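Written below as C-alpha cells is the structure these notes are about.
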Amino acid sequence: MSELFVVTGASGFIASHVVAQLLAAGHRVRGTVRSLAREETYAHLRALPGAAERLELVEAELLEPSAFDELVRGARYVLHTASPYALDASDPQKDLVDPARRGTENVLEACAKAPSVSRIVVTSSMAAITDEPESDRVLSEADWNEKSSLTRNPYYYSKTVAERAAWDFVETSARSFDLVTINPFMVIGPSLSPALNTSNQLFADLLGGAYPGIMRFTWGFVDVRDVARAHLLAATTPEASGRYLCAADTIAMRDVVELLREAGYGDRALPKLGMDCAVGDYVVKLSSYFQPRGVGSYLRTHVGRVPRYDNTKIQRELDLAFRDVRETIVETVKDLERWGHVKPNAEAIAPASAG
Ligand code: NAP
C-alpha cells in the first residue's frame with residue numbers, strides 16, 4: 001500500500017506543490033487546512049490528479065493544542081509547512097511568533113505520540129540562517145540567525161524560534177521519528193492557486209511601479225517545484241539529516257529588471273532610475289522609516305548586501321538539481337498574468353497576424 005504523508009498548511013503556495021508531487025508519485029496525502037468552510041482556498045487541491053482517490057483534507061489550527069494528535073496517526077511522514085508568511089504584522093508575537101513556534105511544537109508533540117511517524121520535515125527558511133546576509137561571508141547550514149527580534153525582521157525571528165524549538169524538541173523528548181529541515185531562500189514560481197504569495201509579489205510590484213528606482217538588492221531565488229521536491233526527498237531519503245539550505249542562484253535587482261525587459265515587459269512600470277549606489281542605499285535606508293515596521297527593517301538589513309551561500313549539501317545528499325531561476329522568473333510573471341495579478345502582456349496577446 002502507498003505511504004501516508006501528512007502535509008500541514010496544504011493549501012499554501014509551497015505545500016500545494018508538495019501535495020501535487022506526492023499525489024503524482026502515488027502516495028496518500030492527508031492535508032491540513034485552517035478552515036474547511038473556506039473552500040476557495042483549497043479547491044485547487046481537490047482538482048489535482050489523484051486527489052479524488054488519495055487526498056483527504058482535515059481542519060487544523062496551529063495554535064490549538066492537540067489539533068494534530070489524531071490526524072498524524074498512521075502517517076509515516078509529516079511535512080510541516082504551515083506558518084504565517086508576511087514581513088509585517090500588527091502584533092508580531094501574536095500574529096507571527098506564536099503560531100510559528102507553538103504550531104511547530106504542537107505538530108512535534110502529536111508525532112511523539114504517534115509511533116507510525118518516522119520522519120518530520122519542517123519548512124524552515126533562510127531567515128533562520130541569517131538576518132542580514134554579510135556580503136563577505138559564505139553562509140551554510142552551520143549558521144543561525146542571531147539578530148532578529150520582535151522589532152527587527154519579526155518574520156525572520158518567528159522562523160528562527162520555530163526551527164530552534166523543533167531541534168530542542170528532538171534533543172529532549174522521547175520519540176520514534178527524526179527531524180530534517182528545509183531552509184529555502186526566496187521561493188518563486190507558478191502558483192497552483194489564485195492566491196498571490198508574498199515572494200511572487202516582488203514581480204507584481206516591479207511591474208506595477210512600486211519601486212521608484214533600481215536599488216542595491218540581491219535576492220537568492222529557488223523554484224517552488226524544486227522546494228517541493230526537496231521536501232519529498234528529505235522525507236524519503238533515509239540518510240537525509242539536519243538542515244538543508246535550499247537556494248539556487250542570487251540575482252541583483254538590476255538583472256531581474258533587465259530580464260523582465262528582455263522577456264517583453266518593457267512597456268510596464270519597471271524601475272529605471274539607477275539607485276544601486278551608495279547614495280541610493282542611503283535613500284532606501286532613510287525612506288525605510290516611513291514603511292511599516294517589518295518592511296522597514298527588511299529594507300535596512302538587506303540593501304547593499306549580496307548574499308553568498310553554500311548550497312552543495314542539498315544537491316549532494318538529496319540529489320536535487322536546481323532549475324534555472326531566470327527561466328522561473330519569466331514563468332512566474334506569465335503565471336501572475338494568468339491569475340490576473342498583473343495585466344496581460346499586450347505583445348503576447350496581440351493577434352499572430354498583426355503587422
Ligand atoms: P503561504 O502560501 O502563505 O502558506 C502558508 C500556509 O500556512 C497557509 O496554508 C496558511 O493557511 C497556513 N497557516 C498560516 N497560519 C496558520 C495558522 N495559524 N493555523 C493553520 N494554518 C496556518 O506561504 P508559503 O510561501 O507557501 O510558505 C510555506 C512555508 O514556507 C512557511 O513555513 C514559510 O515560512 C516557508 N518559507 C517560504 C518562503 C517563500 O519565499 N515563500 C521562503 C522560505 C520559507 P491559510 O491559507 O489559511 O492562511
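All heavy atoms count here, side chains included; hydrogens, waters and symmetry mates do not. None of these values were measured; they are calculated from a predicted model. Just so you know, ligand 1 is whichever comes first in the structure, and atom 1 is the first atom listed for that ligand.
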Protein heavy-atom partner closest to [atom] - residue, atom, separation in Å:
{"atom": "atom 38 (C) of ligand 1", "result": "V187 CG2, 3.6 Å"}
{"atom": "atom 2 (O) of ligand 1", "result": "F13 N, 2.8 Å"}
{"atom": "atom 43 (C) of ligand 1", "result": "P184 O, 3.3 Å"}
{"atom": "atom 42 (C) of ligand 1", "result": "F185 O, 3.1 Å"}
{"atom": "atom 33 (C) of ligand 1", "result": "Y155 OH, 3.5 Å"}
{"atom": "atom 45 (P) of ligand 1", "result": "R34 NH2, 3.6 Å"}
{"atom": "atom 1 (P) of ligand 1", "result": "N197 ND2, 3.8 Å"}
{"atom": "atom 19 (N) of ligand 1", "result": "L62 N, 3.0 Å"}

Between [X] and [Y], does at least one N-O distance fall below 4.0 Å, as a salt bridge requires?
{"X": "R76", "Y": "E3", "result": "yes"}
{"X": "D226", "Y": "R229", "result": "no"}
{"X": "E132", "Y": "R152", "result": "yes"}
{"X": "D249", "Y": "R326", "result": "yes"}
{"X": "E331", "Y": "R323", "result": "no"}

Would you mind listing which atoms of ligand 1 come within a distance below 4.0 Å of any non-hydrogen atom of [X]?
{"X": "S83", "result": "5 (C), 7 (O), 14 (C), 31 (C), 32 (O)"}
{"X": "K159", "result": "31 (C), 32 (O), 33 (C), 34 (O)"}
{"X": "G12", "result": "2 (O), 4 (O), 9 (O), 26 (O)"}
{"X": "S11", "result": "9 (O), 46 (O)"}
{"X": "E61", "result": "17 (C), 18 (N), 19 (N)"}
{"X": "M186", "result": "40 (O)"}

Using a 4.0 Å heavy-atom cut-off, which part of [X] comes near ligand 1: side chain, backbone, both, or neither?
{"X": "S124", "value": "backbone"}
{"X": "M126", "value": "neither"}
{"X": "S199", "value": "side chain"}
{"X": "A60", "value": "backbone"}

Q) How about H302 and Y156: are their ring centres within less than 6.0 Å of each other? A) yes
**Q.** Close approach, R38 and ligand 1, non-hydrogen under 4.0 angstrom
**A.** yes
Q. Relative to atom 9 (O) of ligand 1, which among A162, G9, C246 owns the nearest non-hydrogen atom?
A. G9
(Q) Just to be sure I'm reading this right: ignoring hydrogens, which of I14, T123, T81, V33 gets closest to atom 31 (C) of ligand 1? Compare them by their nearest heavy atoms. (A)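 Of the listed residues, T81 has the closest heavy atom.
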Flag the pair [X] / [Y] as yes when at least one side-chain heavy-atom distance between them is below 4.5 Å, and no otherwise.
{"X": "N197", "Y": "H341", "answer": "no"}
{"X": "L71", "Y": "R30", "answer": "yes"}
{"X": "M253", "Y": "L206", "answer": "yes"}
{"X": "R46", "Y": "L57", "answer": "yes"}

Go through the side-chain N and O atoms of [X] and [Y] and say whether any donor and acceptor fall under 3.5 Å apart.
{"X": "T301", "Y": "N153", "result": "yes"}
{"X": "R300", "Y": "S288", "result": "yes"}
{"X": "E171", "Y": "W167", "result": "no"}

